Amino acid sequence: MNTKEIEIKWQKYWKENNCFKAINGSKKPPYYILVEFPYPSGAGLHVGHVRSYTAQDAKARMKRLQGYNVLYPMGWDAFGAPAEQYAIKNHIHPKEAVQANIKTFKGQMESLGFSFDWDREFSTTDPDYYKWTQWQFLKFYKHGMAYKATMPVNWCDTCKTVLSNEDAAGGVCERCGNPVVQKEKSQWMLKMSEYSEDLLKGLDDTNFADRVKLGQINWIGKSSGVEMDVDIVGGGKFSVFTTCIETVYGITFFVIAPDGKLVQELMPRIENKDEVNKYIEESSKKSAMDRTELNKGKTGVEVKGIKAINPINGKEVPIFLGDFVLGDYGTGAVMAVPAHDQRDFEYAKEHNLDIVQVIEGDVSTCALEKHDYLGKGIKLMNSEEFTGMTVEEAKEAITSKLEKLGIARRVNNYKMRDWIFSRQRFWGEPIPMINCPHCGWVPMNEEDLPLLLPDVAEYEPTENGESPLAKIESFVNCKCPKCGADAKRETDTMPNWAGSSWYFLRFMDARNQEEFASMEAMKYWQHVDWYNGGMEHTARHLLYARFWVQFLYNIGLVPHKEMIWTRVSHGMVLGSNNEKMSKSKGNVVNPDDIVNEFGADTLRLYEMFMGDYEQDAPWSTDSLKGCKRFIDKVIKLKDIMTSDDNYSKDLEIIQNQTIKKVTNDLDNMAYNTAVSALMILTNKYQEHQTITKKDYTLLLTLLNPIAPHITEELNEMIGNTPIVNFTWPKHDDNKIVDNTFTLVVQVNGKVRGKIEVETGISQEEIETIAKDLDNVKKFIEGKEIVKTIVVANKLVNIVVR
RNA sequence: GCCUCCAUGGCGGAAUUGGUAGACGCGAUAGACUCAAAAUCUAUUUCUAGUAAUAGAGUUCCGGUUCAAGUCCGGAUGGGGGCACCA
């Protein structure tokens with residue numbers, strides 16, 4: 001059989017008959033299946049894409065046969081640094097590169113027969129789409145959720161560009177190898193931290209797996225503690241946050257951030273200015289992650305001439321600069337209790353500082369930390385009136401006392417920070433803000449959107465790190481929408497995350513020219529039922545998207561606070577050497593080659609069969625061939641088919657078991673076992689010598705979601721109407737259990753015999769049969785039977801002594 | 001460093017959630033068909049001993065709970081993912 005011809009034939013049939021069109025407002029129950037839309041890179045579709053798209057495609061195809069109005073859309077996440085880099089390197093406008101790449105991707109997807117509703121396709125780079133991304137940014141701004149702030153960025157002075165932490169790893173620029181410095185930049189920020197609590201609570205309204213929820217919870221990073229004011233000798237004060245206020249008597253120094261405001265305020269009074277400035281200079285070269293690593297957290301320098309006062313006992317203690325404290329996180333200062341915090345302990349040893357123990361236990365070699373002492377009834381020491389209280393009592397009593405003194409407050413602290421929303425890049429959505437010399441920052445009028453990216457070829461980086469847009473005068477110069485004066489546009493663009501934070505809403509109503517999506521459409525679809533994507537996106541992308549949706553909900557623009565119900569993450573397809581596929585390693589498999597040589601159905605089937613969907617799996621062409629062999633077996637079954645239009649009676653049980661298994665497995669993303677069940681059914685059919693038309697049709701139907709082309713073709717050849725119009729089969733619970741089962745007989749938990757017995761046999765009968773087995777007798781003879789445990793329809797365990 | 005997930009034959013993996021470890025597939029070995037090869041079909045395939053029945057060992061390692069542990073608990077080792085400008 002010519003797979004290529006069959007594939008093209010059915011792909012054409014599906015397209016011409018609008019088989020996969022989702023209808024807004026349909027009477028059928030809605031079912032929204034989503035895969036993360038890809039970034040259309042020049043490399044073309046990856047076999048990893050094929051894995052997740054096939055998985056969701058199989059689910060979509062089954063759900064349609066089950067009577068659902070299925071929305072399975074596809075689009076393009078095409079803004080971002082890679083497209084810009086590609087453009088600079090190849091002297092091609094990113095717009096053109098993206099268009100060409102999308103064409104390739106789409107052709108590849110079509111060749112694999114994915115049942116996307118292409119009528120809803122869009123790219124985040126379409127003005128029709130980013131108009132609404134900009135419109136939503138204006139909503140953030142108008143509701144006080146967007147603001148400008150000065151933030152440090154990784155800067156490469158050679159490449160004249162801002163770098164990600166990844167590209168700046170180890171303090172050197174990934175591209176040119178020169179040292180990376182920290183540079184202050186004025187950036188647009190979204191007040192995501194305001195949503196910390198809501199984003200935590202919202203998880204209750206989702207069906208995410210526990211580990212996905214945990215990822216979100218940890219990212220938000222809530223901790224309850226105390227914020228305490230600390231006076232400086234000779235005037236001034238700062239505050240610190242701690243979750244361990246019970247150790248307050250153990251403070252022997254404070255550490256403040258080298259990049260914070262406080263050190264600058266204190267500068268005139270600092271005696272060792274040169275030393276301090278040198279340290280500030282050094283730490284500005286390190287990224288946040290390098291700074292906070294525990295084993296590197298011991299560098300620091302004392303701020304001489306200035307002491308802080310421990311508010312609980314009035315003791316004067318030194319202040320240090322330490323780069324493990326970040327200026328833009330928390331209060332930019334921490335209290336240090338070396339006896340009860342390992343990092344402080346090591347810091348104290350390194351800098352010869354006092355260690356004062358305030359909780360009972362051994363602190364001679366390392367700190368006694370909170371996980372060592374909490375919840376164990378351990379008592380305080382060296383803590384004035386609190387000495388002798390348990391840690392838990394003291395926590396409360398000390399907090400109350402400090403509160404009464406008016407120098408401390410109970411607060412919740414969140415790790416999650418505001419979202420840095422500016423990028424100094426060309427290839428992103430322009431931020432629709434105008435800086436007027438008289439009015440300050442003024443939002444564009446909504447009716448003037450979209451603010452188009454200028455259609456010029458000047459996207460190379462600027463000398464000073466401004467966005468390439470800053471060089472384009474026709475873009476920059478404009479009139480203030482408020483007063484009409486000459487003004488200048490914001491030249492930063494949005495991060496790639498912006499467009500992907502709400503695209504799933506647009507798919508619900510993709511051609512709407514009046515709104516980003518109508519409330520009616522969003523109410524009809526309700527939410528994304530299954531959202532599939534990569535592991536690497538389960539924390540941040542999902543959090544950004546949830547934040548965006550919650551904001552839109554709060555201003556009345558979407559119907560629910562959470563618009564994504566279930567999130568699943570697929571494992572990667574690795575190269576056959578078990579490493580990530582990459583050109584440099586030469587282990588890349590191109591899906592086109594596989595489709596041409598083995599057919600789309602074989603590739604789809606193999607990728608579903610290769611392993612647990614949520615785990616990484618290495619590519620194996622041998623295993624792929626095994627899947628081809630399976631499809632050939634299914635084709636050959638046609639030769640033993642009779643025209644009998646009933647099911648074979650003796651295949652009833654295995655058939656009903658397979659229906660149940662495949663249906664459940666497709667629902668639960670257990671594709672590898674669904675395929676395995678179909679292989680077992682096929683093997684049974686083969687042994688059976690003849691099968692009826694009905695038997696064969698059932699197999700083709702169950703296999704159809706995974707291998708749609710060949711099953712449609714075979715189904716047509718045996719005279720049926722297309723499977724795409726079928727109703728999905730249902731199993732009969734009365735026909736999945738055999739009337740006998742294999743009873744497993746154990747003695748002391750070890751299997752000593754197996755015997756075929758009737759289903760539903762009584763406990764007494766089972767015991768009698770079990771004890772009568774020769775091999776069992778050997779092991780129980782002359783021993784006392786302590787007890788006998790029977791598991792219904794499964795096993796019996798005789799415990800002897 | 002912090003958070004998190006994972007670890008089962010020669011290989012990919014399965015195990016109804018505490019109840020037969022190794023389903024299904026690959027590979028390998030032997031046989032059938034063939035002048036031959038490929039394809040296909042049949043049989044065997046966790047390890048050790050045994051012709052076999054069967055016995056012993058066995059799910060990264062150490063320990064625990066239980067009649068029963070791949071599954072639950074404690075600890076260790078190794079690997080993947082995330083850590084805020086790659087997406």
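Chain letters run A, B, ... following the sequence lines, proteins first and then strands; every chain starts at 1. These numbers come from a predicted model, not from an experiment.
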Pairs under 3.5 angstrom, nitrogen or oxygen only, protein versus nucleotides 37-41 of chain B, please.
| from | atom 1 | to | atom 2 | distance (Å) |
| --- | --- | --- | --- | --- |
| B:U40 | OP1 | A:R629 | NE | 3.3 |

Next on the checklist: Can you tell me which residue among A:W419, A:W219, A:Y195 is in a ring-ring contact (aromatic ring centres under 6.0 Å, His included) with A:Y544?
Outcome noted: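 For A:Y544, the ring-ring contact (aromatic ring centres under 6.0 Å, His included) check succeeds only for A:W419.
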Item to check | Inter- and intrachain pairs under salt bridge (charged side-chain N to carboxylate O under 4.0 Å, His left out), touching residues 742-756 of chain A, at least two apart | outcome: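 Found none.
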Item to check | Pairs involving residues 792-801 of chain A, ordered by first then second residue, that meet salt bridge (charged side-chain N to carboxylate O under 4.0 Å, His left out) (sequence neighbours left out) | outcome: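 Those involving residues 792-801 of chain A are A:E784-A:R801.
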Next on the checklist: Using the side chain to side chain donor-acceptor pair (under 3.5 Å) criterion, which residues pair with A:Y53? Sequence neighbours excluded.
Outcome noted: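 Result, side chain to side chain donor-acceptor pair (under 3.5 Å) vs A:Y53: none returned.
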Checklist entry - If we take the P atom in both B:U59 and B:G10, what is their distance in whole Å? => result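 Per the computed distance, 13 Å lies between those P atoms.
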Would you mind writing out the side-chain donor-acceptor pairs for residues 673-682 of chain A within the sub-3.5 Å range, not counting sequence neighbours?
| from | atom 1 | to | atom 2 | distance (Å) |
| --- | --- | --- | --- | --- |
| A:T673 | OG1 | A:D665 | OD2 | 2.8 |
| A:T673 | OG1 | A:A670 | O | 3.0 |
| A:T682 | OG1 | A:L678 | O | 2.8 |

Checklist entry - With a non-hydrogen cut-off below 4.0 angstrom, is A:T673 in contact with a base, only sugar-phosphate, or nothing? => result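 If one applies the 4.0 Å heavy-atom cut-off, A:T673 turns out to touch the sugar-phosphate alone, with no base involved.
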Next on the checklist: Using a 4.0 Å heavy-atom cut-off, does A:Q657 contact any base of the nucleic acid, only the sugar-phosphate backbone, or nothing at all?
Outcome noted: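 No contact.
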Checklist entry - With the sugar-phosphate defined as primed atoms, P, OP1 and OP2, and the base as all remaining atoms, what B/S/- string results for nucleotides 43-55 of chain B, 5' to 3', for protein heavy atoms under 4.0 Å? => result -----------SS
Checklist entry - Listed by chain and number, what are the ring-ring contact (aromatic ring centres under 6.0 Å, His included) partners of A:Y685, not counting sequence neighbours? => result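 Counting only residues at least two positions away or on another chain, A:Y685 forms no ring-ring contact (aromatic ring centres under 6.0 Å, His included).
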Item to check | Under the ring-ring contact (aromatic ring centres under 6.0 Å, His included) test, residues paired with A:W155 that sit two or more places apart | outcome: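 Counting only residues at least two positions away or on another chain, A:W155 forms no ring-ring contact (aromatic ring centres under 6.0 Å, His included).
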Checklist entry - Which dot-bracket notation, 5' to 3', represents the base pairing of RNA chain B when pairs are defined as Watson-Crick or G-U with both distances under 3.5 Å, crossing pairs as [ ], and inter-strand pairs as |? => result (((((((..(((......[....)))((((((.......))))))((((....))))..(((((..]....))))))))))))....
Next on the checklist: If the condition is side-chain contact (heavy atoms from CB on, under 4.5 Å), which residues does A:Q85 pass it with, not counting sequence neighbours?
Outcome noted: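 In terms of side-chain contact (heavy atoms from CB on, under 4.5 Å), with neighbours along the sequence ignored, A:Q85 is linked to A:R175, A:R425.
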Below 3.5 Å is the cut-off: list the nitrogen or oxygen pairs between protein and nucleotides 64-66 of chain B, distance only.
none

Item to check | Sub-4.0 Å heavy-atom contacts from residues 789-800 of chain A onto RNA chain B, ordered by number | outcome: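 The answer is A:I789, A:V791, A:K794, A:L795, A:N797, A:V799.
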Item to check | Parallel, tilted or perpendicular, as decided by the 30° and 60° cut-offs, for the rings of A:F79 and A:W427 | outcome: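 Aromatic pair A:W427/A:F79 classed perpendicular.
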